[in-house]
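Right, one structure below, let's go through it.
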Amino acid sequence: MTQIAYQDFEKVDIRVGTILEAALLEGARKPAYRLVIDFGPEIGTKKSSAQLTVHYTPQCLIGRQVAAVVNFPPRQIGKFMSEVLTLGFPDGNGGVVLFAPDQVVPNGGKLF
């Protein structure tokens with residue numbers, strides 16, 4: 001495993017936000033949802049494509065808090081522009097399980 005300095009970790013801006021909208025992402029090669037996430041007044045709302053279809057429905061995602069990298073450049077996913085990388089871990093079969101705080105925290109909070 002390659003070690004990094006703390007200064008390298010500080011470059012990755014991981015924030016918490018609340019999912020406002022979730023729907024199936026049409027045209028994606030792998031099943032995914034398009035999300036609209038509120039990161040609070042400093043960052044605002046951002047869009048994300050996330051492959052969460054194994055464990056989550058759009059209805060159960062709305063209102064959930066998630067963690068996302070907010071300082072990567074936007075990425076084109078089919079006809080959709082994903083602005084942040086929503087974070088998760090693979091389950092035993094490769095399905096994505098969300099990474100999120102276990103208590104409600106203010107939107108926009110930075111992981112440290």
Side-chain angles (χ1 to χ4, degrees):
M1 175 175 19
T2 303
Q3 291 188 345
I4 63 171
Y6 186 76
Q7 292 80 10
D8 295 323
F9 171 73
E10 288 181 312
K11 294 176 186 177
V12 182
D13 194 354
I14 300 172
R15 304 286 181 121
V16 65
T18 300
I19 298 174
L20 301 177
E21 299 175 24
L24 194 60
L25 178 59
E26 301 294 331
R29 281 182 276 185
K30 295 181 181 179
Y33 294 130
R34 60 174 179 76
L35 308 174
V36 176
I37 306 169
D38 177 9
F39 290 99
E42 180 183 343
I43 297 171
T45 59
K46 298 290 182 180
K47 297 180 287 184
S48 181
S49 167
Q51 296 174 0
L52 304 173
T53 58
V54 172
H55 295 291
Y56 306 95
T57 64
Q59 298 79 13
C60 79
L61 289 169
I62 296 172
R64 286 184 71 117
Q65 286 196 301
V66 294
V69 176
V70 298
N71 65 334
F72 282 156
R75 184 170 180 212
Q76 191 78 38
I77 309 291
K79 296 180 181 180
F80 182 78
M81 185 62 73
S82 186
E83 300 173 301
V84 300
L85 175 66
T86 303
L87 300 175
F89 294 101
D91 67 10
N93 297 313
V96 179
V97 176
L98 285 169
F99 175 63
D102 65 356
Q103 296 182 29
V104 175
V105 296
N107 287 337
K110 184 173 179 170
L111 180 71
F112 57 86

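These numbers come from the heavy atoms of this one structure, side chains and all, not from hydrogens, waters or symmetry mates.
Every side chain to side chain contact (heavy atoms under 4.5 Å, CB included) that Arg64 has, sequence neighbours left out, goes to Tyr56, Leu61, Leu98. In this structure Thr53 satisfies the side-chain hydrogen bond (donor to acceptor under 3.5 Å, both in side chains) test with no other residue, sequence neighbours excluded. Scored by the side chain to side chain contact (heavy atoms under 4.5 Å, CB included) test, Ile62 finds Ala22 as partners (sequence neighbours excluded). Taking Gln51 as the reference, nothing meets the side-chain hydrogen bond (donor to acceptor under 3.5 Å, both in side chains) condition, with sequence neighbours excluded. Evaluation of the side chain to side chain contact (heavy atoms under 4.5 Å, CB included) rule for Gln7 yields Ala5, Glu10 as partners, not counting sequence neighbours. By the ring pair (Phe, Tyr, Trp, His ring centres under 6.0 Å) test, Phe89 is found to be paired with Phe99, residues two or more places apart in sequence or in another chain being considered.
For residues 20-36, no pair satisfies salt bridge (Lys or Arg N to Asp or Glu O under 4.0 Å), with sequence neighbours left out. Every pair tested for ring pair (Phe, Tyr, Trp, His ring centres under 6.0 Å) that includes a residue from residues 13-32 fails, sequence neighbours excluded, so the list is empty. Sorted by first and then second residue, the salt bridge (Lys or Arg N to Asp or Glu O under 4.0 Å) pairs involving residues 81-105 (not counting sequence neighbours) form an empty list. Pairs engaging residues 21-55 under the ring pair (Phe, Tyr, Trp, His ring centres under 6.0 Å) rule: none recorded [sequence neighbours left out].
When side chains are defined from C-beta on, Val54 does not count as touching Asn93, because their heavy atoms never get closer than 4.5 Å.
Once rounded to the nearest 0.5 Å, the distance linking CG of Leu20 with CG of Asp38 reads 5.0 Å.
Nearest approach of Gln65 to Pro101, heavy atoms of both residues: OE1-CG, 3.9 Å. Smallest separation of non-hydrogen atoms from Phe80 and Leu25: CB-CD1, 3.5 Å.
Val97 and Leu111 fall into different hydrophobic clusters, where Ile, Leu, Val, Met, Phe, Trp and Tyr are joined by side-chain heavy atoms under 4.5 Å apart, directly or via other members. Transitive grouping of hydrophobic side chains (ILVMFWY, heavy atoms separated by less than 4.5 Å) keeps Phe112 and Ile14 in distinct clusters. Linking Ile, Leu, Val, Met, Phe, Trp and Tyr residues whenever their side-chain heavy atoms come within less than 4.5 Å places Leu35 and Val96 in a single cluster.
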Side chains of residues 67-78: which donor-acceptor pairs under 3.5 Å do they make with residues two or more places apart or in other chains?
residue : atom : partner : partner atom : Å
Asn71   : OD1  : Asp13   : N            : 3.0
Asn71   : ND2  : Lys11   : O            : 2.6
Gln76   : NE2  : Gly78   : O            : 3.0

What side-chain donor-acceptor pairs closer than 3.5 Å can you find for residues 40-50, not counting sequence neighbours?
residue : atom : partner : partner atom : Å
Ser48   : OG   : Val84   : O            : 3.0
Ser48   : OG   : Thr86   : OG1          : 2.8

